[in-house]
Amino acid sequence: MTTPPSPPPADPGASAPGPGRPPRRRALILGSWLWVTVPLAYGLYELVHKARQLFTG
């Protein structure tokens, strides 16, 4: 007779933070979004600025 497969281990970051544990996952997600969006926004700003110079002289 075979035994049923065991469930996969729970993701420790997906659980709700307990009392005394700061929500580090939220800070990590926010930091990741900032890591991507700040350089993207700067690059788009520079693109528009240089395109305006190119087409207006």
Side-chain angles (χ1 to χ4, degrees):
M1 189 176 250
T2 62
T3 60
S6 61
D11 183 13
S15 63
R21 280 185 50 193
R24 294 174 192 237
R25 188 175 181 102
R26 185 173 293 176
L28 178 65
I29 291 171
L30 177 64
S32 299
W33 273 105
L34 289 174
W35 184 264
V36 172
T37 55
V38 169
L40 177 65
Y42 177 72
L44 289 174
Y45 170 78
E46 287 293 323
L47 175 70
V48 170
H49 182 70
K50 293 192 186 277
R52 187 175 293 153
Q53 286 179 350
L54 179 66
F55 291 113
T56 60

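Numbers here are sequence positions counted from 1. This one's a predicted model, so the numbers in the text were calculated from it and none came from an experiment.
The cluster map of Ile, Leu, Val, Met, Phe, Trp and Tyr, joined by side-chain heavy atoms under 4.5 Å apart, puts Leu30 and Val38 in the same cluster.
Atom-to-atom distance recorded for His49:NE2 and Leu44:CG is 14.5 Å, nearest 0.5 angstrom. Rounding to the nearest 0.5 Å places CH2 of Trp35 at 14.5 Å from CG of Leu40.
Taking Tyr42 as the reference, Glu46 meet the side chain to side chain donor-acceptor pair (under 3.5 Å) condition, with sequence neighbours excluded.
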